[in-house]
Amino acid sequence: MVVDRLTSFASGAVRGGLAVAQVAHRVGLTTPVRPDRLLGMGAAIRHWGRTPAGLYAANAARDPNALAVSDEREQVTFAEIDRRSSIVAAALAERGVGPGDAVALLARNSAAFIVAMVAISKLGADVLYANTGFAGPQLGDVLAGENVSAIIADDEFAEIVDAHAGSLPRLWAWDDAGDAPADSIAGIVAAAGDSAPDLPSPGVEGRHVILTSGTTGKPKGAARGTPNALHGAVSAIALLHAIPYRAGGVTVLAAPAFHAWGLGNLTIGMILRSTLVTRRRFDPSTVLDLVEEYGADTIAAVPVMCQRMLDVEGSPDTSTLRIVALSGSALAPTLATRFMDRFGDVLYSLYGSTEIAYVSVAGPTDLREAPTTAGKVLQGVTVRIVDENDADVEPGEVGRIFAGSGMSFEGYTSGEDKARLGTLASIGDVGRIGEDGRLYVEGRDDDMIVSGGENVFPAEVEDALHGHPDVLDVAVIGVEDEKFGQALVAHVVLRDGTSATADDLRAHVKKQLANYKVPREVEFHDSLPRNETGKVLKRKLADPQA
């Protein structure tokens, strides 16, 4: 029996090792490296661990002059990211930051964002990624609740930092004037000249604390440390198998880096030595221009950005694109089809959450064959669909989605947690596994509307309305109704030059869905309220003053 178990374990290890080798070879991670540079890479990982500090130092040892990041002001190599981050880390240490402390990073995408993140990592401190859409009181609540020791921010946020960060030590990441003041990253780096301090290993690996979106309440810090080598390898292999990233590629990072998806693609870029091309604010025409200028093979974005890219008249040469990687909110099925019809079968839509990380990926074939799917569950991820009694539902039935993997969060930094089933945590969605083996997400479990005793999930009605040729954007909410308990209200943005009426849209839904799923009202808007990561703020539709 013991021999059988050992044989089985060895066989599994061999298969796992072969899978790692195959994926590593396919993505281009097995290209030869000069022995001296290989030694330098190993020394970097031993010193800093498998952290942003370690990965950028290893990339600097392997390809020091390769372009790491390009923003609207500068192009910065891996060696320069490593050097600048050491200088900034020393400056933070002088301000009292050390291992285990938390440093808030309130900044838009730029080279300075990456330098700040790596610098915090070099001190063994935690990086708290603050949402650039925060109002001042939200920022104050987060800084106090997360026991932040210092803050690095773009100077456009100086007013709310001054008002709500108290006496916290601070550095400025991006300064709008570009004149490198002494307390900015650019100023500190300039004052150091060509030198860089030789920093000791912090002895601990800092965590990434990603804040939930706050669309249903106050933002919460979801902490995630560096996974162990086995879990990290399994997760990386699964993601690289589902989305065909390539080492040494060029990614236009349109998604905000403070968000889990933007940060995820930044991390993939670290691992694969990718060039990250980014701009502080999203502009659809600029993104497409950058693809042509840099010969980019990947765009990392959120779904609403795809709609805006489709609205760009004409198009630069995007023939180098192989991947448009999406996450952060639901992808409308008609949007997926229209985008691929124009830009090719390049869409990869990832389903997950801040807490759970990656769950499933829908690739081009999935989105062509089943446009409403969230794709196939990734290897290494466990998913259960359960009823109100936490019992597994039958295949094809709808229930609450619980999931988990080696990348799942450690719990909220406040001490709270998601509902759990053993090692699996609730995503907060309801869904089903279809006969085709794909995952289908029906909507948020707290979004369900009970109208006349019937359960309605807004996503189904939204998908139907997205199918109308005049509809550009839509969100469906429930409102109180004396007769039915709740009634459906559709909030719609029409395409320019179209004139569909409320009756037209209600009739369109009625052709596809049951009567109780037809909206009682249709309200028209110029645009829908969204947060920085593209999620519709439904509470503002229900109460504009919220």
Side-chain angles (χ1 to χ4, degrees), residues 48-54 85-86 88-108 112-154 157 160-173 183 185 188 199-214 218-227 256-260 262-264 266-267 354-355 357 408-417:
W48 301 114
R50 292 174 295 109
T51 64
S85 61
S86 290
V88 175
L92 287 171
E94 289 173 0
R95 288 160 173 78
V97 177
D101 288 335
V103 179
L105 180 54
L106 177 63
R108 301 187 189 277
F113 181 105
I114 295 174
V115 168
M117 176 189 69
V118 178
I120 299 166
S121 175
K122 286 186 172 180
L123 296 176
D126 298 343
V127 188
L128 173 73
Y129 298 94
N131 190 317
T132 57
F134 276 168
Q138 281 182 302
L139 178 65
D141 288 344
V142 166
L143 296 179
E146 301 295 332
N147 297 313
V148 167
S149 299
I151 184 169
I152 301 176
D154 290 349
F157 306 112
I160 64 170
V161 169
D162 289 342
H164 297 279
S167 58
L168 284 178
R170 64 199 62 175
L171 295 177
W172 302 111
D183 57 352
I185 285 177
I188 291 167
L199 300 176
S201 169
V204 297
E205 296 183 354
R207 301 176 303 168
H208 298 279
V209 181
I210 305 168
L211 295 166
T212 60
S213 63
K218 286 186 177 181
K220 299 176 183 177
R224 184 173 291 116
T226 304
F258 70 76
H259 180 253
L263 181 61
L266 198 164
T267 302
T354 300
E355 298 87 351
S408 297
F409 81 139
E410 303 166 359
Y412 296 116
T413 50
S414 63
E416 301 172 79
D417 201 358

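The analysis underlying the following values was restricted to heavy atoms, covering all of them including side chains, and did not include hydrogens, waters or symmetry mates.
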Between R108 and D154, is there a side-chain N and carboxylate O pair less than 4.0 Å apart?
-> no
Using a strict 4.0 Å threshold on nitrogen-to-oxygen distance, state whether R95 and D101 make a salt bridge.
-> no
Taking the side chain as every heavy atom from C-beta outward, state whether [X] and [Y] have any atom pair closer than 4.5 Å.
{"X": "V204", "Y": "P99", "value": "yes"}
{"X": "V209", "Y": "V127", "value": "no"}
{"X": "V88", "Y": "L171", "value": "yes"}
{"X": "W172", "Y": "I188", "value": "no"}
{"X": "F258", "Y": "I210", "value": "no"}
{"X": "K122", "Y": "S85", "value": "yes"}

Closest contact, heavy atoms only, [X] versus [Y]:
{"X": "I185", "Y": "A116", "answer": "CD1-CB, 3.9 Å"}
{"X": "S121", "Y": "A53", "answer": "OG-N, 3.2 Å"}
{"X": "L168", "Y": "A150", "answer": "CD2-N, 4.2 Å"}
{"X": "F134", "Y": "V142", "answer": "CE1-CG2, 3.9 Å"}
{"X": "A112", "Y": "A173", "answer": "CB-O, 3.7 Å"}
{"X": "A89", "Y": "L199", "answer": "CB-CD1, 3.6 Å"}

Residue of the set V103, D162, D183, I152 for which side-chain contact (heavy atoms from CB on, under 4.5 Å) holds with R170 |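 The residue from V103, D162, D183, I152 that satisfies side-chain contact (heavy atoms from CB on, under 4.5 Å) with R170 turns out to be D162.
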Donor-acceptor pair, [X] side chain versus [Y] backbone, under 3.5 Å?
{"X": "D126", "Y": "H208", "value": "no"}
{"X": "R207", "Y": "E205", "value": "no"}
{"X": "Q138", "Y": "A135", "value": "yes"}

Starting at [atom1] of [X], measure out to [atom2] of [Y] and round the result to the nearest 0.5 Å.
{"X": "I120", "Y": "T51", "atom1": "CD1", "atom2": "OG1", "result": "12.0 Å"}
{"X": "L123", "Y": "S149", "atom1": "CG", "atom2": "OG", "result": "11.0 Å"}
{"X": "L105", "Y": "Y129", "atom1": "CG", "atom2": "OH", "result": "7.0 Å"}

